Amino acid sequence: MTIRMNHENELLLNTVRAFIAEEMTPHEDLVDRTGEVPEEVGRRIEARAHELGLYACNLPEDVGGGGLPLTAMHLIEREYGKTSHALHSWAARPTEILLACEGDQRERYLLPAVRGEKRELFALTEPEAGSDAMGMKTNARRDGDDWILNGSKHFISGPCMPDFAIVFAATGEDDTPRGPRKRVTAFLVDIGAPGFDCREGNKSVSYRGYKTYQLSFDDVRLGPGQILGQEGKGFEIAGQWLGMGRIWVGASCCGKAERILDMAADWAAERRQFGQPIGRFQATGFRLADGAMNLRAADLMVADAVARHERGAMEDADAAMVKVFCSEMLGRIADDAVQIHGGMGLMEELPIQRLWRDSRLERIWDGTSEIQRHIVTRSMLRARGA
Ligand SMILES: Cc1cc2nc3c(=O)[nH]c(=O)nc-3n(C[C@H](O)[C@H](O)[C@H](O)COP(=O)(O)OP(=O)(O)OC[C@H]3O[C@@H](n4cnc5c(N)ncnc54)[C@H](O)[C@@H]3O)c2cc1C
């Protein structure tokens, strides 16, 4: 691991490891088999997270959060990566986008999210607008001081039925030198608002038990106080936080890769064929060596991005590079681990197949690898005026 370790971080690491070992790892198989986190398991994780000071530990102290520095969050997200998202997401780190709440919104949305009384969804993706977020059809039109919201979202994920959603909708169009561009606004929409339907949607084979929801809006009336930030500035608000989210995907991929690589190395040392441990065959051993080298590089990239963020120098391309490199590193390690395990790698009796399935999602959510590569390319070409 490449995280700067001091006494406080050592204590934190031990706490998080014990928390995962006691409250999450024992439930991984059951959750994967049934596709559900039993309510009492989720609530216990939530309660223990509060006791340990890990609930909303990412948010500043002045709103009641843990106010942990980024290096501590790096350590936490890396450890959580070793277990299932379906479980560790109960120990919520509410989205930092909520820090844009102002006035009454703080008591209605931000503070209850920090206290664990309310849970939010981040709702951007639509059935016909995934990577192409600007292709969104969800829209809100003015009606006096109010807004009327129509459209739908899917793949919107969380551990359990939420209390409200941060919904991105088109609220008009601007003329720009490159042609018309949608004005996108973020709205805070309560579950139960007339015309708003939120129900469980498709079931993912990665992180079984982590729910996706489909949202539909049929003339949902929203007051002016339900705009998060400013009208037309939804992407600006989201953009401030999305980068850090991608770094935490990278950290989590490193944690999972470490767990998988350890399992593969153990298997390669114990499993014997042709009279010797299979790890002594170069084809197997080199897979382990390549995995260890790539994991080291990925860990260093995450640490570098965290340091850049701390000094206010992180660019979109830095976060994109971390997301694509770490998730693809994890994909290779997970696939190699299945190969090293042979037939047993695909059997339900071992966790390798589950970790392999879980790993696959990391190259898709929070922006696919292809979209991350576009972000990196764009930053290189724009710097050259192209
Ligand atoms: C389990 C899960 C949870 C999720 N949680 C959330 C959530 O909480 N909130 C939310 O808003 N979204 C969420 N998502 C959505 C996720 O971010 C999208 O799935 C992702 O952005 C890709 O969109 P898509 O699935 O529509 O794929 P598409 O955009 O249809 O892409 C399909 C393929 O085409 C490629 N492609 C598309 N455009 C280009 C291009 N210009 N150049 C090269 N290749 C391209 C893609 O890279 C991909 O390989 C979740 C998804 C999953 C699976």
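Quick caveat: nothing in here was measured; it's all calculated off a predicted structure.
- Using bins of under 30°, 30° to 60° and over 60° for the plane-to-plane angle, the ring pair Tyr80/His88 lands in the parallel bin.
- Between Thr125 atom OG1 and Leu215 atom CG the span is 11.0 Å, to the nearest 0.5 Å.
- Applying the ring pair (Phe, Tyr, Trp, His ring centres under 6.0 Å) test to residues at least two apart or on different chains, none of the pairs has a partner in residues 3-31.
- The closest side-chain donor-acceptor pair between Asn139 and Asn150, if any, does not fall under 3.5 angstrom.
- When only modelled atom types and interatomic distance are considered, Tyr109 and Asp190 share a side-chain donor-acceptor pair under 3.5 Å.
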Side chains of residues 110-124: which donor-acceptor partners sit under 3.5 Å, not counting sequence neighbours?
unit_1, atom_1, unit_2, atom_2, d
Arg115, NE, Glu117, OE1, 3.3
Arg115, NE, Glu117, OE2, 2.9
Arg115, NH2, Glu107, OE2, 3.0
Arg115, NH2, Glu117, OE1, 3.3
Lys118, NZ, Arg108, O, 3.0
Arg119, NH1, Ser89, O, 3.3
Arg119, NH2, Glu46, OE2, 3.1
Arg119, NH2, Trp90, O, 2.7
Glu120, OE2, Thr95, N, 2.9

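- Arg363 has no carboxylate O lying under 4.0 Å from a charged side-chain N of Glu328, or vice versa, which leaves the two without a salt bridge.
- Defined by atom type and a distance below 3.5 Å, a donor-acceptor pair is missing between the side-chain atoms of Gln276 and Arg272.
- Among residues at least two apart or in separate chains, ring pair (Phe, Tyr, Trp, His ring centres under 6.0 Å) pairs with a member in residues 215-245 are Phe196-Phe217.
- A salt bridge links Glu128 and Lys137; the closest N-O separation between the charged side-chain nitrogens and carboxylate oxygens is under 4.0 Å.
- Between Leu350 atom CG and Trp267 atom CH2 the span is 5.5 Å, to the nearest 0.5 Å.
- Between the side chains of Glu362 and Trp365, at least one donor N or O lies within less than 3.5 Å of an accepting N or O.
- Judged by distance alone, with hydrogens and angles left aside, the side-chain atoms of Glu79 form no donor-acceptor pair with the main-chain N or O of Gly255 at under 3.5 Å.
- Under a 3.5 Å cut-off, the side chain of Asp143 and the backbone N or O of Asp146 do not form any donor-acceptor pair.
- Residue Leu228 holds its CG atom at 6.0 Å from CD of Gln105, rounded to the nearest 0.5 Å.
- Distance CG/Leu300 to CZ/Phe325: 9.5 Å, rounded to 0.5 Å.
- At most 12 non-hydrogen atoms from other residues, nucleotides or ligands lie less than 6.0 angstrom from CG of Asp104.
- Side-chain N/O atoms of Gln214 and Ser152 include no donor and acceptor closer than 3.5 Å.
- Taking the charged nitrogens against the carboxylate oxygens, Asp32 and Arg357 do have a contact shorter than 4.0 Å, which makes a salt bridge.
- Between His50 and Tyr55, the ring planes lie parallel to each other; the angle is under 30°, not in the 30° to 60° tilted range.
- If you take OG1 on Thr284 and CD1 on Ile278, they are separated by 5.0 Å, rounding to the nearest 0.5 Å.
- With hydrogens and angles disregarded, a donor-acceptor distance shorter than 3.5 Å links the side chain of Arg259 to the backbone of Lys82.
- Looking at Thr185 and Thr171, their side chains do bring a donor and an acceptor atom within 3.5 Å of each other.
- Taking CG of Asp266 as the start and NE2 of His341 as the end, the distance is 8.0 Å to the nearest 0.5 Å.
- Across all non-hydrogen atoms, the minimal contact from Ser359 to Ile260 is OG-CD1, 3.8 Å.
- In the model, Thr138 has a side-chain atom that pairs as donor or acceptor with a side-chain atom of Glu126 under 3.5 Å.
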